[in-house]
Undergrad: 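Questions regarding the structure given below will be posed in turn.
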Amino acid sequence: MRSLSRFTTAGVLGAAALALLTGCLGSSGSGSSDGGQDANRNADAKKVELTFGSNSVKGGKSSAGATFIQDVLIPKFVAEQKGKGVDVTVKFQGDGSDDEVYKQKLSLDLSNKSGPDLFQIDGIWVGEFAQANYIKPLTDTVGDASKVDNWDGWQQIPEAVQALGSYNGKRYGVPGGTDGRVLYFNKKLFAQAGLPADWQPKSWDDIISAGQALKKISGVTPIQINAGTAMGEATTMQGVLPLLVGTGATVNSDGKWLGNTSQLRQVLDFYHQIYSTGLGDPVLQKEAKGRDKSFAEFAANKIGILLESDYFWRSVVEPKEGVAKMADRDTAVGWAMIPAMKPGAGVKGQDFVSMSGGGATVINPNTKYPQQAWEFLQFMNSADMVKESLAGAAKITQRSDVNSEVLKSDPMLSFVAEKVLPVTQYRPGRAEYPKVSAALQQATADVISGKSTADAAAAYQKAVETAAGGKDKVTSN
């Protein structure tokens, strides 16, 4: 799991990545990226060489992940294959550069039908790479649908989480660890406001009502939902998208981007309701370090309700190592599921909703050893290896069986794994997303700066039409 700061860079550099993909691809027509190779090629080889690519490096970016892959995963896979009479060499190709730079390097390799045999990518890249024919469905690469579909690991990965490595209903890879977004609340402030310690709102109106009760406490900001452009992708993931799926809509549906629709206006109306009535602090949304300041204010008992991911619990207000330590976190911080606008109004008719992020490991369709690569992919996502990858830390993994074991002493993370992940959604893996996300951020910035919902939504419509490449690729009503 990663913090959202990395996605801010992704948004800025998204145009460059899109240009590279377009330039390398030329046409994303029906041609197969593996040239029609036999999926069973080298299936019986007794001497195998695989490469594993990851944007991580020992002592640098995502050091713990690189260390696990090199020192634990690869040696154990090699030993397991030796027991089957197969001499396997796995070379680790670590990088450690900015995510968009890494993405460009990987895209260039894949466009030339080279690159590592297996590699890790952000889940938001899966659709983009699939559109470019850089990766193929696992059933195509492995060549046997039953072999892929009958892997017992799928039974332990919730269907909603499988979407992290999927595109258009097909599995392109196996998801890694993920996260989930909830509403955090300060139990001490809730007690002062006469609100329950087991608060669980069932609608947006319930959130507003709690905010109005908290407003009576001097020096307290009742509600913090990220808004504006300064917070970058955090605004989209900890604000717009969780609210949007609560209206029953997603930002991309049936190949079209969400435009000036009733659901978008409902989201912007909710922002207006919070930031024009003193329930939220509009100034905080415009500050360069606004998100960090919101963390500090929550830890200092100055914010009542905050929409954030489980990262906030385990890395921000964590009592010993957190960036905004909260000594009484375990007793003072409550959490609740994010309600739909009203019961049953959420996507898929859900009462509660969330958004998640994370990555996936995929197989290069041009590998010389597709069957052995599939064995490696299964091995690295087995319960034992997923457990070992945590190195004793309490983090949400893709596997329900592992989560049940490693999170049993952490009620908040268990809550996310058991309650939130089954109802979560993921961002669309399409090349235009960073620009659409930026347009959503601007729409919230317009609202908190005093523009009407109608004007902010109209300006958003124009921005999305430009980002998507035409009116015909955007929905409106």
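Just so we're clear, the structure is a prediction, and the values are computed from it rather than from any experiment. One-based numbering along the sequence shown.
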Undergrad: Do the side chains of Asp254 and Lys256 get close enough for a salt bridge, i.e. N-O under 4.0 angstrom?
TA: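 Answer for the salt bridge query: no.
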
Undergrad: Taking all non-hydrogen atoms of both residues into account, name the closest pair between Gln162 and Pro175 and its distance.
TA: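 Taking Gln162 first and Pro175 second, the nearest heavy atoms are CA-CG, 4.2 Å.
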
Undergrad: When Pro339 is tested against each of Asp205, Ile207, Asp351, Val353 for side chain to side chain contact (heavy atoms under 4.5 Å, CB included), which residue passes?
TA: Ile207

Undergrad: Please assess Ser309 against Gln238 for the test side-chain hydrogen bond (donor to acceptor under 3.5 Å, both in side chains), listing each intermediate value before the final yes or no.
TA: CA-CA 7 Å; Ser309 76; Gln238 268 87 246; 4.8 Å; no

Undergrad: Distance alone, cut at 3.5 Å: any donor-acceptor contact between the side chains of Ser356 and Thr424?
TA: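 Yes, a side-chain donor-acceptor pair sits under 3.5 Å.
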
Undergrad: Using only heavy-atom distances, determine whether the side chains of Gln104 and Glu100 contain a donor-acceptor pair under 3.5 Å.
TA: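 Side chains of Gln104 and Glu100: no pair found under 3.5 Å.
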
Undergrad: Spell out, as yes or no, whether a donor-acceptor pair under 3.5 Å connects the side chain of Asn150 to the backbone of Ser146.
TA: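 Checking the backbone N and O of Ser146 against the side chain of Asn150, a donor-acceptor pair under 3.5 Å is found.
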
Undergrad: So do Leu241 and Met237 actually touch side chain to side chain, heavy atoms under 4.5 Å?
TA: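 Result yes, sub-4.5 Å side-chain heavy-atom pair found.
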
Undergrad: Between Lys473 and Glu432, is there a side-chain N and carboxylate O pair less than 4.0 Å apart?
TA: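 Glu432 and Lys473: not salt-bridged.
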
Undergrad: Taking Glu308 first and then Arg291, would you say they form a salt bridge - that is, a charged N and a carboxylate O separated by under 4.0 Å?
TA: yes

Undergrad: Answer yes or no: is there an ion pair linking Asp310 with Arg314, defined by an N-O contact shorter than 4.0 Å?
TA: yes

Undergrad: Pairing donors with acceptors under 3.5 angstrom, does anything connect the side chains of Gln285 and Asp281?
TA: no

Undergrad: State whether Trp154 and Arg171 meet the cation-pi test: NZ (Lys) or CZ (Arg) under 6.0 Å from the six-membered ring centroid, and within 45° of the perpendicular axis.
TA: yes

Undergrad: Is the backbone N or O of Ala249 less than 3.5 Å from a side-chain atom of Gln263, with the two atoms forming a donor-acceptor pair by type?
TA: no

Undergrad: Check this for me, if you would: do Asp99 and Lys61 make a salt bridge, where the nitrogen-to-carboxylate-oxygen distance has to be below 4.0 angstrom?
TA: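 Judged by the 4.0 Å cut-off on N to carboxylate O distance, Asp99 and Lys61 do form a salt bridge.
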
Undergrad: So that I can tick it off, tell me whether Asp179 and Arg181 are bridged by a salt bridge, with the cut-off set at under 4.0 angstrom between side-chain N and carboxylate O.
TA: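 Salt bridge between Arg181 and Asp179, a charged N being under 4.0 Å from a carboxylate O: yes.
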
Undergrad: With the side chain counted from C-beta on, respond yes when Val317 and Phe312 share a heavy-atom pair under 4.5 Å apart, and no when they do not.
TA: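 When only atoms from C-beta onward are counted, Phe312 and Val317 do touch, with a gap below 4.5 Å.
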
Undergrad: Are Gln224 and Asn226 close enough that a side-chain donor and a side-chain acceptor fall under 3.5 Å?
TA: yes

Undergrad: Would you kindly say whether Thr277 and Gln273 are connected by a side-chain donor-acceptor distance under 3.5 Å?
TA: no

Undergrad: How about Gln441 and Thr236: does a side-chain donor come under 3.5 Å of a side-chain acceptor?
TA: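 Result is yes, a qualifying pair exists.
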
Undergrad: Report yes or no: do Tyr426 and Thr178 form a side-chain donor-acceptor pair below 3.5 Å?
TA: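 Looking only at side-chain atoms, Thr178 and Tyr426 do form a donor-acceptor pair, the distance falling under 3.5 Å.
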
Undergrad: With ring centroids as reference points, do Phe270 and Trp204 lie under 6.0 angstrom apart?
TA: yes

Undergrad: Are Phe52 and Phe119, when compared by the centres of their aromatic rings, separated by less than 6.0 Å?
TA: no

Undergrad: Establish, yes or no, whether a centroid distance under 6.0 Å links the rings of Phe129 and Tyr172.
TA: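 No.
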
Undergrad: Less than 4.0 angstrom from a charged side-chain N to a carboxylate O is my criterion; do Lys188 and Asp328 meet it?
TA: yes

Undergrad: Apply salt bridge (charged side-chain N to carboxylate O under 4.0 Å, His left out) to residues Glu318 and Lys325 and explain how you reach the verdict.
TA: CA-CA 6 Å; Glu318 199 281 325; Lys325 299 177 184 64; over 6 Å; no

Undergrad: Do Thr261 and Asn477 get their side chains close enough for a donor-acceptor pair, meaning under 3.5 Å?
TA: no

Undergrad: Quiz question: by atom type and distance under 3.5 Å, do the side chains of Thr250 and Gln425 form a donor-acceptor pair?
TA: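 No, no side-chain donor-acceptor pair sits under 3.5 Å.
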
Undergrad: CE/Met326 to CH2/Trp313 distance, rounded to the nearest 0.5 angstrom?
TA: 9.5 Å

Undergrad: State whether a side-chain donor-acceptor pair under 3.5 Å links Gln120 with Ser54.
TA: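 Indeed, the side chains of Gln120 and Ser54 share at least one donor-acceptor pair under 3.5 Å.
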
Undergrad: Given side chains that start at C-beta, do those of Gln212 and Pro222 come closer than 4.5 Å, heavy atoms only?
TA: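 A side-chain contact under 4.5 Å is absent here.
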
Undergrad: So Lys170 and Lys136, do their side chains get closer than 4.5 Å, heavy atoms only?
TA: no

Undergrad: Between Arg265 and Asn260, do the side chains contain a donor N or O and an acceptor N or O under 3.5 Å apart?
TA: yes

Undergrad: Do the ring planes of Trp199 and Phe185 sit parallel (below 30°), tilted (30 to 60°) or perpendicular (above 60°)?
TA: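 Taking Phe185 first and then Trp199, their aromatic rings stand perpendicular (interplane angle over 60°).
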
Undergrad: Side chains of Ile303 and Asn186, heavy atoms from C-beta outward: is any pair under 4.5 Å?
TA: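 No - every pair of side-chain heavy atoms lies 4.5 Å or more apart.
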
Undergrad: Please test Tyr275 against Thr444 for side-chain contact (heavy atoms from CB on, under 4.5 Å), starting from the C-alpha separation and ending with a verdict.
TA: CA-CA 10 Å; Tyr275 288 104; Thr444 65; over 6 Å; no

Undergrad: I'd like to check Val174 versus Trp151 (side-chain heavy atoms, cut-off strictly below 4.5 Å). Are they in contact?
TA: yes

Undergrad: CG of Leu440 to CG of Leu244: how many Å apart, nearest 0.5 Å?
TA: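 The distance works out to 7.5 Å.
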
Undergrad: Can you measure from CH2 (Trp335) to CG (Leu183) and round to the nearest 0.5 angstrom?
TA: 13.5 Å

Undergrad: To the nearest 0.5 Å, what is the distance between CE on Met385 and OG1 on Thr397?
TA: 13.5 Å

Undergrad: Please identify each residue that fulfils side chain to side chain donor-acceptor pair (under 3.5 Å) with Ser354, with sequence neighbours left out.
TA: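 Testing Ser354 for side chain to side chain donor-acceptor pair (under 3.5 Å), a comparison that skips the adjacent residues, returns none.
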
